[in-house]
Amino acid sequence: MRLKSWIKRWGPGIKGRFWKMMKCIRSGEQLRLEDMASSSESLATRDYSASYSSRAAEADMKVENSNIEEAESSLRESGYLNYEEARALLGRLEFQKGNIEAALHVFEGIDITSVTSKIKISLSRRCEQNRRRSQSDAVPPMSMHAISLLLEAIYLKVKSLQGLGRFEEAAQSCKVILDTLESALPEGIPESVSADWKLQDILNKAVELLPELWKLAGSLQEVILSYRRALLYNWNLNMETTAKIEKEFAVFLLYSGSDASPPNLRSQVDGSFVPRNNIEEAILLLLVLLRKFAAKKIEWDPTIMYHLSFALSVSGEQRALAHQVEELLPGIMERRERYSILALCYHGEGEEIIALNLLRNLLNNRENPDCVLELLLASKICATNMICVDEGITYACKALSQLRGRCKQMASVANCLQGILLSAQARSVASDSERISKQTEVLEVLESAETMMRERDPSIIFYLSLENAEQRKLDAALYHAKQLLKLEAGSNVRSYVLMARILSAQKRYVDAEDVINAALDQTGKWDQGELLRTKAKLQIAQGQLQNAIDTYINLLAIVQVRTKSLCSGKKLPKNWRNSDRSLEMETWHDLANVYTSLSKWRDAEACLSKSKIISPYSASRWHSTGLLYEAKGLHQEALKAFREALDVEPNHVPSLVSTACVLRRLGSQSIPIIRSFLTDAIRLDKTNHSAWYNLGLLYKADVSASALEAVECFEAAVFLEDSAPVESFRLQPDLEAHSAL
């Protein structure tokens, strides 16, 4: 109905009566009975309304006209303007003028309990009428326009409280809006109600605002409940609003630091996934957003992928992240970013060759001239896994040339990686002079990396200590190991292990065991594997074989309990799982060797059978089996076991040395063949004193060899044995890899 026809129907005095109503509310005067509508509610106001008369006179005409139109709309629908509606209009007028305190004062005069009760009845009756298509029901006590007007008043009251810093009160008032609608419409907001655009707009704003208010109030659990309520109830929100809430909830779950209990869904299909913690719930929300984007329901937001990358990475689901990146449509993510993320994912999963191939494809493209981070990652993969050493050195050099002094921190990392790779290269060269030159270069590069750091980097100091130890510069190695422990405050197991092994190389077994015991006191049970293994080796070196057996048994118990516990819990990266399996297998081999030295054949065989279950094809297990046969005097069986070990791993140094020893003892092979086994062992490990000693014995027995050659071998064996640790200075590759740069 047009306004002119409505005025003609109701009389020309209707606008004048509205102005009189508003004036009455401002001045506190009473309207005459004939000027009031036939409502049982009075328009009389309380004394505190008088304070607004002077401010209302200064209101902008445009704002006043909008309020007049609202009043006319209410009058068109119901024929009267009741007390709450009048206050809602006046409060909105004050809010629009920026008088927040005055607006709040007006809104507080509205009886919220009475109003919400009427809103519930009105909404429920309207929905019943729409369902039954009947007009025989009682007329709802409030029109849709009045409902919108009063809910808006409550929302503006919330905004006023927020502006005054009363966040908890604001959140409670905002919750009233949602409680009212959810109670009146338990099955969700129907189309007939959401068709009122103003009511739907107020609802959208309230749903979005409530979690933010609880954040400001510091009630983190209420924030979580508000977000879940916004997503689980059918508020008939548009897709953009729902997506925004889902993203904000995921961000809150990831970074708020609060622990959310699993959601209690009212209707849930049996067997459906229920997130167990914050990370899982955030991942679920982010995956839902990705699906909506794939269905072209929302626009692409790159931050969704950033948050999902973080969530899947911290939960050990790098492969799942890789799959999500691979499923993205071309053009969504830049080629360089896509390849970098995929390389990181596969590197985290232990799929080093796949990661390196991805980086090769990226780095070989001339369109990507500045790829320092990718070069460093490729160099690290080569360094931590000792694959493609020369290629890794090339990547580190390229990174240094691209940096050109731009960032000393990154240049330091590049130098460290280059030093690690040069060390691996030095161990493989045949010439003694070239090896010595390479080893000198390694120390220079690592020392350069240390001096370039603004703050001392534990990883660089670790590799400095390790390199000095391997070059048998034990005093320098011990100095750096002490600096490392001090810098890390004893927080890293590998530092304790390295220091203990350096002390054992100096034959300070008691001091080394004290270091291990101190580390055990400060380390959790599940991280004590390498510590206990080193302790057992130290006890063997001191002749305490029974103590060593007890230590090995303790270690095996810890590893087995850890494996069972983690199988049912958080997923571990692949290299961690490999480290646990390798540690358990090598412990069984060590224990078998101890029983062999004590002539406890059955116990040794039992240990080897346990190891076979873990890995049927292990060079180390075949070598321990050969030692058992050799101790029994079964030299042919021992030789067969050593050859099996070499079939599995041709470069297994202990098996090469043991094979040469058995052949020399049997005398069934020529001296050149035996010598070839020993020289191969020395080529692979130039610090193996047993290989040097047996080569010296071979030269001594060979009448065609010079005595000087035998003497040189014996001298090398003595020097290396005097500085040999109880166990290799290097940790297991998997353990060292996830502790590295």
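Quick caveat: nothing in here was measured; it's all calculated off a predicted structure. Along the sequence shown, residues are numbered consecutively beginning with 1.
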> When you check the gap from the basic side-chain N to the acidic O, do Glu351 and Arg319 get nearer than 4.0 Å?
yes

> Any idea which heavy atoms bring Pro458 and Glu488 closest together, and the distance?
CB-OE2, 3.3 Å

> For the residue pair Lys535 and Asn517, confirm or rule out a side-chain donor-acceptor distance under 3.5 Å.
yes

> Might you point out which heavy atoms bring Ala681 and Ala691 nearest each other, and give the distance in Å?
CB-CB, 4.2 Å

> Tell me, do Phe719 and Arg472 make a side-chain contact under 4.5 Å, heavy atoms counted?
yes

> Does a donor on one side chain and an acceptor on the other come within less than 3.5 Å for Arg621 and Ser611?
no

> Would you check if the side chain of Gln539 reaches a backbone N or O of Gln544 as a donor-acceptor pair within less than 3.5 Å?
no

> Would you please name every residue forming a ring pair (Phe, Tyr, Trp, His ring centres under 6.0 Å) with His635, sequence neighbours left out?
none

> Looking at every heavy atom in both Leu356 and Cys388, which two are closest together, and how far apart are they?
CD2-SG, 4.2 Å

> Can you tell me if Tyr479 has over 12 outside heavy atoms packed within less than 6.0 Å of its OH?
no

> Can you find a side-chain donor-acceptor pair between Ser433 and Ser431 that sits under 3.5 Å?
yes

> Given side chains that start at C-beta, do those of Pro672 and Arg675 come closer than 4.5 Å, heavy atoms only?
yes

> What is the minimum heavy-atom distance between Ala660 and Phe677, and which atoms define it?
CB-CB, 3.9 Å

> Can we say Glu530 and Arg501 salt-bridge, meaning some charged N sits less than 4.0 Å from an Asp/Glu carboxylate O?
yes

> Side chains of Glu391 and Tyr395: is there a donor and an acceptor less than 3.5 Å apart?
yes

> Is the shortest distance from a Lys or Arg side-chain nitrogen in Glu605 or Lys632 to a carboxylate oxygen in the other one below 4.0 Å?
yes

> Has Trp601 got a side-chain atom pairing as donor or acceptor with Tyr629's backbone, closer than 3.5 angstrom?
no

> Do side-chain atoms of Lys507 reach the backbone of Ala724 as a donor and acceptor pair under 3.5 angstrom?
yes

> Quick one, Ile354 with Leu358, criterion side chain to side chain contact (heavy atoms under 4.5 Å, CB included). Give me CA distance, side-chain angles, the key distance, then yes/no.
CA-CA 6 Å; Ile354 298 176; Leu358 286 165; 4.3 Å; yes

> Do Arg494 and Phe462 meet the cation-pi criteria used here (NZ or CZ under 6.0 Å from the six-membered ring centre, within 45° of the axis)?
yes

> Does Asn694 reach the main-chain N or O of Ser690 with its side chain, forming a donor-acceptor pair under 3.5 Å?
yes

> With rounding to the nearest 0.5 Å, note down the distance linking NE2 in His652 to CG in Asp647.
13.0 Å

> Please find the pair of heavy atoms, one from Ile549 and one from Leu598, that lie closest to each other, and give the distance.
CD1-CD1, 3.9 Å

> Just how far is it from atom OG1 of Thr551 to atom CG of Leu531, taken to the nearest 0.5 Å?
12.0 Å

> Return the OG to CD distance between Ser624 and Glu586, rounded to the nearest 0.5 Å.
7.5 Å

> Do Thr687 and Glu470 touch side chain to side chain, with heavy atoms closer than 4.5 Å?
no

> Using modelled atom types only, decide if a donor and an acceptor are shared between the side chain of Ser676 and the backbone of Ile673 within a distance under 3.5 Å.
yes

> Checking Asp475 against Gln506 for the side chain to side chain contact (heavy atoms under 4.5 Å, CB included) test, could you report, in this order, the C-alpha distance in whole Å, the side-chain angles of both residues, the deciding distance, and whether it holds?
CA-CA 9 Å; Asp475 291 336; Gln506 295 179 329; 3.3 Å; yes

> After noting the C-alpha distance and the side-chain angles of Leu678 and Leu656, does the key distance pass the side chain to side chain contact (heavy atoms under 4.5 Å, CB included) rule?
CA-CA 7 Å; Leu678 294 173; Leu656 288 169; over 6 Å; no

> Looking only at heavy atoms, which two atoms of Tyr617 and Val648 are closest? And how far apart?
O-CG1, 3.9 Å

> Under 3.5 Å, is there a donor-acceptor pair between the side chain of Ser495 and the main chain of Leu484?
no

> Relative to the ring of His623, is the ring of Phe642 parallel (under 30°), tilted (30 to 60°) or perpendicular (over 60°)?
tilted

> With rounding to the nearest 0.5 Å, note down the distance linking SG in Cys345 to CD in Glu317.
11.0 Å

> Are any side-chain N or O atoms of Ser465 and backbone N or O atoms of Ile461, one a donor and one an acceptor, separated by less than 3.5 Å?
no

> Could you tell me whether Lys686 atom NZ has more than 12 heavy atoms of other residues or ligands within 6.0 Å of it?
yes

> So, Arg456 side chain and Leu487 main chain: donor-acceptor pair closer than 3.5 Å or not?
no

> Hey, could you give me the CD1/CG distance between Ile671 and Asp702, rounded to the nearest 0.5 Å?
4.0 Å

> Counting only heavy atoms not in Tyr699 (residues, nucleotides, ligands), do more than 12 fall under 6.0 Å from its OH?
yes

> Can you tell whether the side chains of Lys537 and Asp590 come within less than 4.0 Å, N to carboxylate O?
yes

> So, Glu450 side chain and Leu446 main chain: donor-acceptor pair closer than 3.5 Å or not?
no

> Please determine whether side chain to side chain contact (heavy atoms under 4.5 Å, CB included) holds for the pair Gln636 and Leu666, giving the CA-CA distance in whole Å, both sets of side-chain angles, and the decisive distance to 0.1 Å.
CA-CA 9 Å; Gln636 290 294 341; Leu666 291 174; 3.7 Å; yes

> Roughly how far apart are Ser423 OG and Arg730 CZ, rounded to 0.5 Å?
5.0 Å

